[in-house]
Chemist: 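This is the structure I have questions about; it appears just below.
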There are 2 protein chains.
Amino acid sequence: MKAHKIVIVEDHVLLSQAIASLVNSFEDFNVLYTCKNGKELLTKLKTFDNIPEIILMDVNMPILNGIETTEIIKKEYPKINVIALSVEENDITIIKMLKAGAKGYLLKDVEKDILELALKETIKNGYYHTKDVSNILINSLNDDNSTKIQLKKREIEFIKYSCSELTYKQIAEKMFLSPKTIDGYRDNLFQKLNIKNRIGLVLYAIKNGIYKL
Amino acid sequence: MKAHKIVIVEDHVLLSQAIASLVNSFEDFNVLYTCKNGKELLTKLKTFDNIPEIILMDVNMPILNGIETTEIIKKEYPKINVIALSVEENDITIIKMLKAGAKGYLLKDVEKDILELALKETIKNGYYHTKDVSNILINSLNDDNSTKIQLKKREIEFIKYSCSELTYKQIAEKMFLSPKTIDGYRDNLFQKLNIKNRIGLVLYAIKNGIYKL
DNA sequence: TTAAAAAAGGGGGAAAATCCCCTATTTAAA
DNA sequence: TTTAAATAGGGGATTTTCCCCCTTTTTTAA
C-alpha cells in the first residue's frame, strides 16, 4: 500500500522537522517536504510534480500566513486537503481558517494519536474536527459575533496606530485626518467592541491578530 | 553503547511528542518520557528511578515555567543538564534561563541537526550554545541593560493592573495606595523603561512576559 | 431612483493621564 | 552605622483621552 503524501508548513524549522518525524512514524503516511511559510509552499508546489494529499499548516507565520495561504491553495489546488495546526485558540482565527477552506483544525496540545486520526479521517472523509473546534463552530453560528463585528479598512489602520505610543493627535496626522475625526473612530470602536479605553483597544487588537507584537 | 536518556518538558503535547519522535530518531538518544509543565516534571523525577541526563525544557509554560523549573532542578538534581527550547528571542528571557542554570538555549527555528549537535555537545562538554545566543550573552555583558532594569514586586503588580481597562484611580484602590503614589510608580517606570505612555507600558509588559494574554 | 444606512469629518466640555517638581518613612547595603 | 535605595505620598499645570452631540458625503438597498 502506498503511503499518503503529507507536506508540513510551519515557520519554526525544528518543530516542523519534529512533526515530520512524528508523521513519518505513522503507518501509511509520508512527509514529502517541509516549508517555512506560505510563500515557500507555493513555490515548492509549483516546482515539484509530487502533489501532497494533505498539508499540515501552521496559522501564525511570517510572510504569508496560514489563512491567506489556505485561500490560495483552495483556488489553485482544490484537491489538496489543508489541516490547520495551531496554538491559537481564538475563535475568530479558527473560523477564519475554516472559512479559508481548512478541512480540520488541530490545537498543538492534542495527543499524537489525534493527529494520526485526523490524517486518516481526512483521507477517508475529507474532513476531521475535534469536539473543541466543533463546539466553537456551533457557538459561532449561534452568536453572530464572529461575523457581526466587521471592521473597516480605515478602522483597522486606526487600531494599528493605536497600538503604539503615538497620541491620537499624532495618529490623526499619520492618517491625514482631523483629531476630531479620530475621536469619532475611537468612540465608535469603543462602543462596537464594548471596551472602555485605549488599553482595551490594544488588548483587543493583539488578541485578534490585528496588531502583531 | 547505551543510549543517553532525555526528558522533554513542553506544554503543547503534540509538539512534545513530535520532538520526542525526532530525538528518538537520533542515534544514542532515547526519550524516557515527556511532561506538560514543570510541576509534572518534578513529580515524575521523584516517581521514577530512571534519571535523565538531559532535560529539553520549554520556557513558556503554565503552572511552573521553564525558568522556575530550571532553578529547582539545578538545586535538587545538579547533575541533570537542562537545555532550553523556546520561540522566545527576548534577550532578558534567555539570560534569565541561563542564569537559572540552563546549559544551552535553542530557538525553535533551528535545524534538527543543531538539536542533535546540542545534545551530543552537552553530553560531551556539559554545554552548547549557538552563535546567536552567544552574541546575545556578549552584548548583555557589555550593555548592562539586562541587569539594570530590575522591576520591584510592587512595580510588577502595578504593571499587570495597567494592562487592563482600569483607570489609575481604580488601580490605586486595588493596590491600597493613594492615586498620587500610583502617579509616582508610573512616572518612574516611564523614565526607567524609556516609554511615553500607558500603551508603551502595556506593550513592554506583553513583550517581556509580565502580562500574559 | 430615491430613501436609508454607513462612512467620514467635526465641536465642546469633563475626566483622566501625564509631567515636573517635592517630602517623609522604611529598608537594605556598604 | 551611616548612606543609599526603595516605598509611599503630594501640589499644581498641561495634555490627552473620553463622552455626547452634530453635519456632510458616499454607499447600499428597496
Side-chain angles (χ1 to χ4, degrees), chain A residues 92 143-208 210-211, chain B residues 92 96 99 143-208 210-211:
Chain A
I92 294 155
D143 324 343
D144 45 357
N145 273 334
S146 53
T147 42
K148 195 173 146 196
I149 299 177
Q150 287 281 31
L151 296 174
K152 300 152 209 163
K153 282 183 297 264
R154 207 73 170 143
E155 278 180 337
I156 288 171
E157 204 183 329
F158 165 72
I159 293 176
K160 284 182 184 166
Y161 279 123
S162 295
C163 297
S164 77
E165 294 187 348
L166 296 172
T167 67
Y168 288 127
K169 202 194 285 183
Q170 290 170 321
I171 295 173
E173 280 169 27
K174 290 247 178 201
M175 291 180 72
F176 302 105
L177 293 173
S178 139
K180 277 295 164 187
T181 307
I182 289 295
D183 274 17
Y185 278 106
R186 184 201 51 222
D187 295 353
N188 195 18
L189 280 168
F190 282 6
Q191 221 200 320
K192 190 148 74 173
L193 305 176
N194 191 32
I195 52 181
K196 288 186 179 62
N197 53 36
R198 188 165 161 184
I199 307 299
L201 190 61
V202 172
L203 296 176
Y204 176 89
I206 295 172
K207 283 179 186 159
N208 291 280
I210 295 167
Y211 177 74
Chain B
I92 294 155
K96 274 189 189 166
K99 270 191 184 169
D143 324 344
D144 44 355
N145 273 334
S146 53
T147 42
K148 195 173 148 196
I149 299 178
Q150 288 279 32
L151 295 175
K152 299 150 208 166
K153 282 180 299 260
R154 208 73 172 142
E155 278 180 336
I156 288 171
E157 205 183 329
F158 165 73
I159 293 176
K160 283 181 183 167
Y161 280 123
S162 295
C163 296
S164 76
E165 294 187 347
L166 296 172
T167 67
Y168 287 127
K169 203 195 284 182
Q170 290 169 322
I171 294 173
E173 280 167 26
K174 290 247 178 201
M175 291 180 71
F176 302 104
L177 292 173
S178 134
K180 272 295 168 186
T181 308
I182 289 295
D183 272 18
Y185 278 57
R186 185 202 49 221
D187 295 353
N188 194 20
L189 280 168
F190 282 6
Q191 218 198 323
K192 190 148 75 173
L193 304 176
N194 191 31
I195 53 180
K196 288 184 179 63
N197 52 35
R198 190 164 160 186
I199 305 299
L201 190 60
V202 172
L203 297 176
Y204 176 88
I206 294 171
K207 283 179 187 160
N208 291 280
I210 295 167
Y211 177 74

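None of these values were measured; they are calculated from a predicted model. In what follows, every chain begins at residue 1, and chains take the letters A, B, ... in the order their sequences are listed.
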Chemist: Assign B:R154 to base, sugar-phosphate, or nothing according to its heavy-atom contacts below 4.0 angstrom with the strands shown.
Modeler: sugar-phosphate
Chemist: Does B:R186 make a cation-pi contact with B:Y168 (under 6.0 Å, within 45 degrees of the axis)?
Modeler: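 Yes; both conditions hold, so B:R186 lies above the ring face of B:Y168.
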Chemist: On DNA chain D, nearest-nucleotide positions of B:N197 versus B:G184: which is more 5'?
Modeler: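 Taking each residue's closest nucleotide, the earlier one in sequence belongs to B:G184.
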Chemist: Both B:I199 and A:D187 contact DNA chain C. Taking the nearest nucleotide for each, which residue is further toward the 5' end?
Modeler: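 On the 5' side of the pair lies A:D187.
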Chemist: Sub-3.5 Å donor-acceptor pair from the side chain of A:R198 to the main-chain atoms of A:S162, do we have one?
Modeler: yes
Chemist: Rounded to whole angstroms, how far apart are NZ on A:K196 and C1' on C:dA16?
Modeler: 15 Å
Chemist: When rounded to the nearest 0.5 angstrom, what is the spacing between CG in B:L203 and CG in B:L193?
Modeler: 12.0 Å
Chemist: Calculate, to the nearest 0.5 Å, the distance between atoms CD1 and CD1 belonging to B:I159 and B:I171 respectively.
Modeler: 11.0 Å
Chemist: Rounded to whole angstrom units, what separation is found between the CD1 atom of B:I195 and the P atom of C:dA17?
Modeler: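 Spelled out: CD1 on B:I195 to P on C:dA17 is 15 Å.
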Chemist: Distance check, rounded to the nearest 0.5 Å: B:K160 atom NZ versus B:M175 atom CE?
Modeler: 10.5 Å
Chemist: To the nearest 0.5 angstrom, please state how far the CG atom of B:L189 sits from the CG atom of B:L201.
Modeler: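 Answer for the CG-CG pair, B:L189 versus B:L201, is 6.0 Å.
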Chemist: Among C:dG12, D:dG12, C:dA17, which is the nearest nucleotide to the side chain of B:R186?
Modeler: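 Minimum distance to the B:R186 side chain belongs to C:dA17.
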Chemist: Quickly work out the B:K180 NZ to C:dC20 P distance and round it to whole Å.
Modeler: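 Value for this atom pair: 13 Å.
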Chemist: Which part of the nucleic acid, if any, lies within reach of A:R198 when heavy atoms closer than 4.0 Å are counted: base, sugar-phosphate only, or nothing?
Modeler: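 Sugar-phosphate, backbone atoms only, no base.
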Chemist: Using C1' atoms of five pairs at each end, report the bend of the helix from C:dT1-D:dA30 to C:dA29-D:dT2 rounded to 10 degrees.
Modeler: 60°
Chemist: Does a side-chain N or O of A:K169 approach OP1 or OP2 of D:dT15 to a distance below 4.0 Å, or not?
Modeler: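 For D:dT15, OP1/OP2 do not have a side-chain N/O of A:K169 under 4.0 Å.
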Chemist: Taking only the side-chain nitrogens and oxygens of A:S178, find out if one of them lies under 4.0 Å from OP1 or OP2 of C:dG10.
Modeler: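 Yes, within the criterion.
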Chemist: How many Å lie between CD on A:E165 and C1' on D:dT16, as a whole number?
Modeler: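 My rounded result for the distance is 14 Å.
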Chemist: Looking at every strand, decide which applies to A:D183 at a 4.0 Å heavy-atom threshold: base, sugar-phosphate, or nothing.
Modeler: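 Base contact.
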Chemist: A:I171 has an atom CD1; how far is it from atom P of D:dC18, in whole Å?
Modeler: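 To the nearest whole Å, that distance equals 11 Å.
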Chemist: Indicate whether OP1 or OP2 belonging to D:dC18 is found under 4.0 Å from a side-chain N or O atom of A:Y168.
Modeler: yes
Chemist: Taking atom P of C:dA6 as reference, at what distance in whole Å does atom CG of A:L189 sit?
Modeler: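 Distance, rounded to whole Å: 15 Å.
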Chemist: Roughly, in whole Å, what's the span from CD1 in B:I182 to C1' in C:dA16?
Modeler: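 That distance rounds to 14 Å.
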Chemist: For D:dT15 and A:T167 - does any side-chain N or O of the residue sit under 4.0 Å from the phosphate oxygens OP1/OP2?
Modeler: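 Looking at the OP1 and OP2 atoms of D:dT15, neither is under 4.0 Å from any side-chain N or O of A:T167.
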Chemist: Return the CD to CD distance between A:E165 and A:Q170, rounded to the nearest 0.5 Å.
Modeler: 10.0 Å
Chemist: Given atom OH of B:Y161 and atom P of C:dA17, what is their separation to the nearest angstrom?
Modeler: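 That distance rounds to 16 Å.
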Chemist: List in chain and number order the residues that pass side-chain contact (heavy atoms from CB on, under 4.5 Å) with B:A172, two or more places apart in sequence or in another chain; answer none if no residue qualifies.
Modeler: B:P179, B:I182
